[in-house]
> 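One structure coming up, written as structure tokens, with questions to follow.
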Amino acid sequence: MSKLWGGRFTKKTDQLVEEYTASILFDKELAEEDVQGSLAHVTMLGKQGILPADDVETIKQGLNRVLEKIKAGEIEFSISDEDIHMNIEKSLIEDIGPVGGKLHTGRSRNDQVATDMHLYLRKRVVEFVDLLHKLQAALIEQAKANLDTIVPGYTHLQRAQPILFAHHLMAYVSMFGRDAERLSDSYKRINTLPLGAGALAGTTFPIDRHFVASQLGFDRVYENSLDAVSDRDFILEFLSQASIIMMHLSRLSEELILWSSTEFRFVELDDAFCTGSSIMPQKKNPDVPELVRGKTGRVYGNLIGLLTVLKSLPLAYNKDMQEDKEGMFDTVKTLQGALQLFAPMIATMKVNKEQMRQAVNQDFSNATDIADFLVNKGLPFRQAHEVIGKTVLYCIQQGKYLLDLTIDEFKQFSDLFDDRIYEVLQPEQVVNARNVYGGTARTQVAEAIARAERELDQTAAWVAEYSEKSR
Ligand code: ARG
């Protein structure tokens, strides 16, 4: 069979042009969605009396057979049929004869491909919310196991104030929670049906777009046919969200890499998530977080790539838009890989509480608290800051930490000091003194964990509901 659009042409397509313009090598990923959309479309054609019931039934059976064959790997896609839409239509016609050619009545590949992408992405969005949920759950479990683990908190990568390790982990739970919220929020924009826009202007057939929308579980249809076939905002939105998730993962990756270095020794990643060196027998490399950090680059690249493809494109469809797919598929695969590995990697991570504690004992991260002590005695904060600055300098010169100073040494800097200072300087005291909503005090962190768990239950319910709806 020659090309489905061959009528107007007198010459064969140049072989290199065929190879250059075909998208079948990557858009075959959309086979299931393409058939799903076609089934709804042809059902509507029947309901509207545009096609006779017999033809509709034959086409539906043919489509289902074609999909089965594709899944079984029995259909060999051909580059000369360009893309998944034409390959499926061709296979359908081969299967049921010329009646298969009626399927494309009242639609265009432009609204067809857009529909496929919407169907594809809404499923992925639900899967990603689920993966984020699993990662949050793993982080929460570690947080619960580390409610009494004190670790230096950093700013400028300099020890700042001691915090609970649980509190540090819960910061990531919040970050991934925002990611999940953003994804689920974008669902309503993805869940808008382009089909029925035709090539750009609508169609002369008396179609029922809202019926197709309800068949496919779309909440609404595009308002404007030009917008319907030109819009790729929903993909850009997903690529932006994926970029932010990868940014979060890369920050956590960086911390895991630092923490598992000999310099920190705060955590040890499970052997199953590390690799060795071909030459240095002692090495255990944190390859997974390193690669996640590295792959963040390609996810950003895919976002910038599509933004650039769409920049200045006139309405409506242009072939440039075929470039929306590979980056999207690549981002889906990259993000899936990262999230799938991260949850079990966090769950199996060993936390070196002893080493964290030693780090806290050997730093000045309790300095703010003695400043606050003096403030509570009536000294203006600025003066207290100066006093403690001098005290810390004295310690550094003497090779001591604050808790090593005698009360007389303290009194050299201010006579407001008394014995209570030793209590104030204890790491537990320092941590628990930050007893504000969202702070690191043990009771606050325990409540934050409880709140996060309730939110997680809501996310799980959303995933359960939308896994069904997005199919
Ligand atoms: N393979 C094309 C794409 O991905 C499908 C739409 C083709 N439309 C067209 N008018 N050539 O964008």
> Quick one: do Asp271 and Lys284 make a salt bridge, cutoff under 4.0 Å?
yes
> I'd like a table of donor-acceptor pairs (distance under 3.5 Å, sequence neighbours excluded) in which one partner is a side-chain atom from residues 385-396, with atom names and distances.
from	atom 1	to	atom 2	distance (Å)
Glu386	OE2	Lys390	NZ	2.7
Thr391	OG1	Val387	O	2.7
Tyr394	OH	Glu409	OE2	2.6

> Show me the donor-acceptor pairs, under 3.5 Å and distance only, between side chains in residues 134-143 and residues at least two apart or in other chains.
from	atom 1	to	atom 2	distance (Å)
Lys134	NZ	Asp130	OD2	2.8
Gln136	NE2	Val173	O	3.0
Gln142	OE1	Asn146	ND2	3.3
Gln142	NE2	Ile346	O	2.9
Gln142	NE2	Met349	O	2.8

> For the residue pair Phe410 and Tyr422, categorise the inter-ring angle as parallel (less than 30°), tilted (30 to 60°) or perpendicular (more than 60°).
perpendicular
> For Thr368, enumerate each residue passing the side-chain hydrogen bond (donor to acceptor under 3.5 Å, both in side chains) test, keeping only those at least two apart in sequence or located in another chain.
Gln161
> Could you label the plane-to-plane angle of the Tyr466 and Tyr187 rings as parallel, tilted or perpendicular, counting under 30° as parallel and over 60° as perpendicular?
perpendicular
> Side chains of Ser23 and Asp83 only: does a donor on one sit below 3.5 Å from an acceptor on the other?
no
> Might you confirm whether atom NZ of Lys319 has over 12 heavy atoms from other residues, nucleotides or ligands at distances under 6.0 Å?
yes
> Kindly list each side-chain donor-acceptor pair under 3.5 angstrom involving residues 445-464, sequence neighbours excluded, with atom names and distances?
from	atom 1	to	atom 2	distance (Å)
Arg451	NE	Tyr437	OH	3.1
Glu453	OE2	Lys144	NZ	2.7
Thr459	OG1	Glu455	O	3.0

> List for me each residue that meets ring pair (Phe, Tyr, Trp, His ring centres under 6.0 Å) alongside Phe26, sequence neighbours excluded, and say none if there are none.
none
> Return the set of residues passing side-chain hydrogen bond (donor to acceptor under 3.5 Å, both in side chains) with Asn110 (not counting sequence neighbours), or none when no residue passes.
none
> Specify whether Phe373 and Phe417 have parallel, tilted or perpendicular ring planes, treating 30° as the upper limit for parallel and 60° as the lower limit for perpendicular.
parallel
